[in-house]
Undergrad: 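Below you'll find the structure I mean.
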Amino acid sequence: MLAAAAAATVSTAQADPITPYVVGGEAADIADFPYTVALTTPDGFQFCGGSLAAADKVVTAAHCVEGTSPSEIEVVSGLTDLTAAGGETAEVTDVWVHPDYSDPAISADVAVLTLGSDLSAPPIAVAGPGDEDLYAAGTDTTVLGWGTTSEGGSASDTLLKASVPVTSAADCATAYGSDFIADSMVCAGVPGGGVDSCQGDSGGPLVAGGKLIGAVSWGEGCARPGKPGVYTKLITFSADIQARLG
Ligand code: ARG
């Protein structure tokens, strides 16, 4: 996600075809979104995001961790800048992928990681019964991550956030046809494009009304007009998730 416009401000160069896809966003402070975590390899390569849903549980996307052994994943908490010192790191001891997750349909794209130690950051509540209204078209949401700041661009060392309204199921079906599975997915984005999550943000939080309503899942490119981001509709899976959170 981006910090964006700055990168696009090249005065004399001719129009860059990538420019329309720069993902608009702004710097975020982890202190304001403390449940946001980065998933990294043991070498420190950030490959996805996640959300702390209990002291020792992280909700992320199944496609981020499917087939990955727990020892290949570390969870980093409390850092705005992933290259900075400090923060807290936890080992992963168990990876649960939703049994209905399927690739390439990307339905039920949710996983819960169990950590070897508790993190001190406060967790976020996952949307459940009674939170249906948070999925109404036009609901303002915030998406967070360290992913790429433009389609095909580079990742961000610092946490970025963007505001994207929930897209109606009808508009999402128009954008993606039968690839959009209404039970399993919710779309969010600006109709004209320009603001979106992108590669590396996957698994990370989509938040509305103080609840975790989605996990970054997929999209056609990033921030393209008429192609909203697609998020795992966590309310559909809330019973399964709560069972994992214990
Ligand atoms: N699948 C991507 C990832 O693994 C996330 C893509 C989100 N795309 C979008 N246009 N919102 O990081």
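Counting starts at 1 for both ligands and their atoms, in listed order. All heavy atoms count here, side chains included; hydrogens, waters and symmetry mates do not.
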Undergrad: Would you check if there is a donor-acceptor pair between the side chains of Ser120 and Glu88 at a distance under 3.5 Å?
TA: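 There is such a pair (donor and acceptor under 3.5 Å, judged by atom type) between the side chains of Glu88 and Ser120.
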
Undergrad: Show which side-chain atoms of residues 169-182 pair as donor or acceptor with protein atoms under 3.5 Å away, not counting sequence neighbours.
TA:
unit_1 : atom_1 : unit_2 : atom_2 : d
Thr174 : OG1    : Ala170 : O      : 3.0
Tyr176 : OH     : Glu220 : N      : 3.1
Tyr176 : OH     : Pro228 : O      : 2.7

Undergrad: Mind checking what residues have non-hydrogen atoms under 4.0 angstrom from ligand 1?
TA: His63, Asp196, Ser197, Cys198, Gln199, Gly200, Asp201, Ser202, Val216, Ser217, Trp218, Gly219, Gly221, Cys222, Gly229

Undergrad: Quick one: do the Thr83 and Asp157 side chains pair a donor with an acceptor below 3.5 Å?
TA: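 No, no side-chain donor-acceptor contact under 3.5 Å.
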
Undergrad: Examine the side chains of His98 and Asp240 and answer whether a donor and an acceptor come within less than 3.5 Å of each other.
TA: yes

Undergrad: Assess, by modelled atom type and distance only, whether the side chains of Ser77 and Tyr35 contain a donor and an acceptor separated by less than 3.5 Å.
TA: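 Short answer, no.
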
Undergrad: Do Ser163 and Asp140 pair up side chain to side chain, a donor and an acceptor below 3.5 Å, judged on atom types alone?
TA: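 Yes, because at least one side-chain N or O of Ser163 sits under 3.5 Å from a partner of the opposite role on Asp140.
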
